[in-house]
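Numbered from 1 within each chain, the chains take letters A, B, ... in sequence-line order. It should be emphasised that the depicted structure is a prediction, and the values quoted were computed from it without experimental measurement.
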Amino acid sequence: MSQVKSGEIKTMSQSKLDRRQFLKGLGLGGAGVALAGCDLPSYVTLEQGEENVISYLAPDEYVIPGVGVWYASTCLGCAGGCSIHGRVREGRVLKLEGNPDSSVNMGRLCQMGQATLQSHFNPDRIANPLVRKNGSLVEASWDDALSLINEKANSGKAAWATGAISGHQRVVVETHLSAIGGSNHYAIEQINANVWQTACGDIIGDPNPEIHLDKAKVIFSLGADFLATFISPVHFAAHYGEFRSVPRGTLIQAEPAMSLTGGNADHWVGIKPGTETSLALGVANALMNKHGISGSGISNATKSLINEHDPATAASICDVPADRIEKIAASLAANSPSIVLAGGTATANANGYSAAAAALMLNQILGNIGVTITSGRELAYPQLGLIEGNSANLKDLAVDANKGKIDVLFVSGTNPLFLAPKSIKMDEGWNKIGFKVVLSSMLDETASAADVVLPLASSLEDWGSHIPAYSTGTRNLALQQPLMEPVFSNTRGFGDVVLGLAKQAGAPGLDEYDDYYGYLRSAISVLKKTDSEKEWNSFLMAGQTPVPSLGRKLSYIDGKISQTANTATDGGLTLIASARMGMWDGRGANLPWLQESPDQISKVVWDSWAELHPKTAKSLGIKDGDYVTIKSSNGEITTRAFIYKGIHPGAIAVPIGRGHSALGRYAKNNGVNPLFILDGGVDAKTGEIATAATRVEVKNAGKNKPLAKLMEIDRQHGRKLVATISADKQRITEGGT
Amino acid sequence: MSSLFGNILKGWTDYTKGIEEGGHHKYEHMWGMVIDLDKCTGCNACSVACYAENNIATVGEEKYKARQSMQWLRVERYFDEPDIDPGAIDDENAMQERGASFLPMMCQQCNAATCEPVCPVAATYHTPDGLNAQIYNRCIGSRYCANNCPYRLRVFNFYSYTDEDGAWPEPMKQQLNPDITVREKGVMEKCTFCIQRIRAAKDKAKMENRKVKDDEVKTACQQTCPTQAIMFGDLLNSESKVTQAWERQQVKLGKYKQDRENPKLRGYRVFEELNTDPSVLYLERVREE
Amino acid sequence: MVKDSSTKRSIPWIRLSMLMVFVGAIIVIAAQVLDQKLHYVGEDVVPGPIVPGTQYPDEKFTGIDVPQPINFSHKIHAGDNEINCMFCHTYARRSKVSGIPPLSKCMGCHTVIATDKPEIQKLTAMWEKGESPKWNKVHDLPDFVHFTHQRHLKRFLFDNEELDVSDAKRVCSMCHGDIAEMTVAKKSRPLTMGFCIRCHEANEGPSDCTKCHK
Amino acid sequence: MANHRKQNHRIFGLFADFEQAFEVIAGIRRYEVPGITVDDVRIKSPIEHPEIEDILGERPTNIPKFAFVGGLFGLVFGFFFLAGAQANFTVQPQGGKPVITIPSNLVLAYEMLILFGVLATLAGFIIGARLMRKRGPFYNHAVSLDQIGIVVERIDDTQRQQVRDLFARHRVIDVFEETV
Amino acid sequence: MSEAALKHLSETQTKDIDENIAWAKINQDVLRSMENPRRGYWIAMAISVALFSVMIYAEVYQYMYGMGAALLNTSHMWDLYISTFVFWIGMSHSGTLLSAILHLVHADWRKPIYRFAEAMTTFSLMTAGIFPVIHLGRVWNFYWVMPYMTDRGIWPNFRSPLIWDAFAITTYLTSSVLFLYIGMIPDLAICRDNTKGWRKKLYTWLSLGWHGDDRQWRNFRITYLMIACFLIPLAVSVHSIVSMDFAMAIMPGWHVTTFPPYFVAGALYSGCAAIITLFILLRYFFKFEEYMTFPILDKVCKLTFVIAMVWTYLNLVEFASVWYGHDIPSKEVLLAKAFGPYAPFFWGMIAFGMFLPFTLLSKWARRNMKFLFVVSVLLNVGMWLERWMIVTPTLSLGYHPWGWNIMWPGWVEWAMVGGSFGWFGMLFLIFVKVFPCVSMYEVKEMVFHRKRTIYEDVDEMMVLHKGAPTAAEAGSTNNGGS
């Protein structure tokens, strides 16, 4: 439907709001978006003939103007793959809600899911294909762009870089990759649980075990921010709600800088960065020596490691009082079943894998494996499965590019130029790649540096199928379907573009499909072994469908704990590039809702900040709101200090996600990107970029400007705002042990 | 004339009594909320959902810092827990031993609201649904109500956000919810308990000649809350979950000091002692000592 | 002492004050009566309700001519051919908006009927191109008003024992005037807040502000 | 009073000396001119003389009554107006508080009392002081400066001369006469 | 007047007024002051208009941009507009005090100076009335606070103290304009008799046919008395109602029982101080040394001191009641005022409002125009600070710590505050050139009665029982004739 010429109305303040624009798309507007202020005297003509109505041509039965219709789809805010319902009225999607039938998010949604709407309606989306001419990107037609790709893509070593990818998109990407003769598919996700999953795969034989937070009485988490950034935050948060119900569980979080999960912990242990393994060993020591836990299945090598770490020793390594270690052990010993997790900052250093292994070792000696950590299910169609993506791939991409192993690169769903530390020389590698094609809906850093940019439809305008990162019980295939007509008419869906590229590259067997919808539908009908319209419609309505999966068996293989403390972080300050729900890995920075949604802990909006402990700040002469320069061997960033006690004195934490040089008006030149100055350290085992292990020097930059925060106070000043009751008293009235 | 004196007499007899004496306007509903602070993780999903549902403008860094932000629902964060360890925060060299405390604050929909009587034009008033409503188009922006709100939960349109460089540049305007007015500059606004959803549910119930069912209305914050810390419902419906939760916590409306048999119950209302009679019941955060 | 004030009549103040109180009361009452006039239209003003069991203000309003892409005649459809309003405005009983009929509905008849008329040919041309006509709204309420056709139809038509669905026209005309006599629709009721309030008062509609203000 | 002669004259004397003028009035009060009482005397002065009014005798004014009635009306009207408005505007039950609120209505009725009282006083003044009419032909600018004028009304031909004599005795500056 | 002459005058002027002043001179002096504006007048006018123009610019800017232009925020919904509003309402109490109260207690020394004080009442009310309007977010709908019959059947909310404000200010403005006007009618008649052209027309129209006969004077006297009687409770109620804007609120620091008397005392105080300022200015510019004399100034100063002490007492009572009360938030507000970021202004208020008036105890000070001018201006600064201290620091705290915030006004607010002085000045400057700012007839009365009182011992009740006075006596009774 073509765009409608506007009828303008005036508010009393004389501001003109073009109302017709709201009704673009399908149709008939019962009520436009409302404006206050038209307080006209009684007998003045009320807006006769100032608005238009476009009737439908031939609407569906269930489409009623003025009444919202809910369509099921899948949220692509992160790899979690929550199922959503989108409210559509007059052809516009207005609001997203969780799909109550989903086993991933049970009808709930996080702030990023809510804000997906703004990436859909974002004013800075790319409307037309862009092609680099004489050094700058200029608009071009699809035909020109595609023929240019056809010309260049088939010559040379090709590769794909994506974010987490699954379902049939993964299939078409890989089909295209093989059609153009490439083999490298770099799935890049800066925020991931790769170390934990690798360790789980190695040690208990299931990279993605089911984690039953709701069944646990104690959660001991080594840096795993399961409420915000760990695998499937909404799912875990939902289970956390159960965990906090009667009988109420206890959450113990050990990490150097407070995460959202840490912010909810009953006991928060501010630990020296990189020493989580020692803490786990210290706890194991106390458990075995003080609480008579046998430690079955633990090898002698590990036992000797444990014996080395009596609480006092562990305390001195971790900079945690010994009695707290014993308290943790006592809590774990007294309350069974429990669960021990590792992730986030604990795994983001050179011995991260050890920390994960130590966590699993604790689970083993506490008897949690098989109780709160149970086997997950593996998809029967591995080619559809989720490639989780990790930052090791990011480094690989940089290394391969620098080595000249890549001539043609297709990028979509990730932003390597923003995520890559300067130390891995992604910029140089990028320039060595002969031909870069970026498929994106936003002109981010990577797209700005591409040779061809293909404008994608937003996730709410596109077809797709997804395997959620995590779910319990049966595995589902989640459907992504368009909720409205494209906002920008010249954009195309990801599947359509890749399918077209694959066809263009001569991939076999695709010619029968006109578009990605056709491909998807037939592929799913093959999967479900039925092609009936009814089946398909019920799939559309449910937004998800179970796919066959196979059970796994859990085992326990010990002996993976190697290095216990990351000595590289001794002395000086350690930079923690902390992952936050909201900006995530930077993709949320162009959404004003997320920019204006205060960070959960610091309550800062619209800018980056550097968390510092008051003791450290005092010794460095830094006050709240001072600009501080953080200098590593790879450069420096300057941002403002946020001083509080939720961080280890030896650490400085800067959130990931801001500091874009592109990505639209809301993200550009806003904040700093701590990833740039990481020193290139990696986890020894998985190669994950260590985001919490860079030594930095911190200086006061000499300026002060208070941060924009939701609140300027940290205390309740004697008011009964958040009242607290001790768990013992709560148990008396509400039950539980 | 008869209507005049009749109305005045009625005014004397029916309405001179307060709610405690039962002489109050007949309520159709009394929407109330229960927020379990122990389940609340402070993740802010509710706040963003509120922005999405209610056409709330984003203001940008400078205005946010100038405290001209527009959020209807703010999730506050405190680091001290005076009930558990008073003064623990004072040691500057220590680290935090627990997490923070989070408090989602939306309009408390007070039944003896301090904002209502001071509005010169009666733009804010109490509805028969027990809501503290704000009629945007009647508001002249004297901002007295906001001054008089002890919770500081009323936000004012200090600027116009409907321009192209405002909060909704094209095509973001298309996301605006047509069930709610986009507020003009100079107008006070606040959380409405998603009155558009209440209205839709009531209309639907009336079309089907029945009462509104429990759980039929879900506020945007409640619906999105990942831990389901927010409960919403009709306090006049004795079967609703909210009523049961209020009863379980032995908290009653119309009181500024609850006489509870069990002092260890978790329910409390913020600033109850000011006799604002809020409709939002908070359940205390639980902490291991 | 010469006191000669008997020639100058002083005003007896008690009587005067009683008079003033009386005048004051008269003013108050007059204000109320005026107020009633403004708010409530008694039976003598309304020329017999067309919808049984209701009273509503019969305020006339002369709207402006709103040009439409196709000169649709309500007279031919609703008047001469007595097509029920809700046949075309089918959403009225299901939604807050009454809706414009989809083009497919027009074409349902006009593939055979009156195909030679120029206006119909315009329509057919649009249908063939897959375009919809862009109608100009005639009855447009301000954006801060929530009005729902659904509830009003139920109250006045479906819940009204003396009417059946074929009398829809009479209910619609409460606010839209005698559309069946019009060609292109024109606003014939003021549709102001006062107009709404008077009808709500007369028919005991809700008086809660949030019912209509969003 | 047995005087049936034609009392169709008015006489106006201007005095520079106030005390002399007072003496004239005192003289009239002592019936120095037969048939003329102080009721027939009016004074035009640049200033207010409460003491002369003692001599002139009690000449009541209605202004306090105007003020009282105005104030009373304001109070009653104010209260009923507000109560009427509130009672007919019951759309809004305000958080359990009464519809007709005594404290606020009293405050407002009190303001109305004063407003109407002041307005009625003004009206009383305009009526009582015979303002907003044409000034008499006797008006002389000197009485707004520093001279005092005495008007004697309802005198007949014989009294005319006697009054003139009285005036002259007290060093009148100027005398004007007028026949009605 | 030269320095020496001024000094001489300050030492020799012992009477409120010289009884032997010629009446014609009174007329001349006052009428002269209404003519031929000199350069100083035009400069003052230019400054006032400039200030007012800046205010208009600021208002247009604020209208276009929204209330955010005034840097208001969620904690500080009110700021300088409301405090300046209260300040101007307070100023308006001067005229009522001098005119009505002193009239009722027969303090005749008020007579030469009450006219400009009443004018000040009217104009400061007209200034004050601007502020509640411009502080509205949707200023174009300000008339919605008035109870008028509408088609929509809606009324204002009579519970709101803002509505009480609207009623009280309307009443007060009406009454004080009438009071000013009625008291001026005899003078307008004088003007009518002594002017030509448009002025004559204007004064003829305004003087309502006043010809000074005894009936008019009698009614005039009663009317004046009645309105004075009405005005005193009105003035008290107006400022109590203004105080209720705060006292009726739940905010700690506002919800104070002593606010109504405190506000009334403060209003009288600032009004008196402003009278001193204007007294000195008018005396200087219009050379009214013979009417606005040192003894009168001396009395005004003493009155100011007394009221200052009342205000000080009520201020201390407020502090004490907060301090000894159990309300922690109120205490916090008090402490924050005294020791928080607004402390300099708080102590400035204390210094100017509580301690500075003690200088008025010195006779030297009461006779030193320059010193007194500075003192009176500072007293008013102190009183303005008081109002600001009530509004802003209180809002910077509150029950909910989330709302704690420090805020400083920006240029828009300052422009409005400055502009209000411009507007007031403009009105006042126009007034002094159009209307007599010293009451001629009352000065004459004062002279007349004082003189009579002097001769009373010699000649009691001479009106009734004495024969014709001698020529010499006559000459001294009325000095000079025309």
Can you tell me how far the NZ atom of K214(C) sits from the CD1 atom of I135(B), to the nearest 0.5 Å? 13.0 Å
As an exercise: rank N209(B), L131(B), I198(B) by heavy-atom pairs under 4.5 Å with chain C and give me the winner. N209(B)
Could you check whether D208(C) pairs with R199(B) (Lys NZ or Arg NE/NH1/NH2 to Asp/Glu carboxylate O, under 4.0 Å)? no
Side chain, backbone, both or neither: which part of H213(C) has a heavy atom under 4.5 Å from chain B? both
Say whether, by atom type as modelled, one donor and one acceptor occur between the side chain of Y125(B) and the main chain of C209(C) under 3.5 angstrom. yes
Dump the intermediate steps for salt bridge (Lys or Arg N to Asp or Glu O under 4.0 Å) on D179(B) and K96(C), then the final yes or no. CA-CA 11 Å; D179(B) 292 340; K96(C) 53 200 263 185; 3.4 Å; yes
Minimum heavy-atom distance between H146(C) and D203(B), given as atom pair plus value: NE2-OD2, 3.7 Å
Rounded to the nearest 0.5 Å, how far does CZ of F144(C) lie from CD of E184(B)? 10.0 Å
If you compare all heavy atoms of K154(C) against all heavy atoms of K206(B), which two are closest, and at what distance to 0.1 Å? CE-O, 3.2 Å
Counting distance only, does the side-chain N/O of R151(C) pair as donor-acceptor with the main-chain N or O of K204(B) below 3.5 Å? no
Please check if atom CD in E161(C) has more than 12 non-hydrogen atoms from other residues, nucleotides or ligands closer than 6.0 Å. no
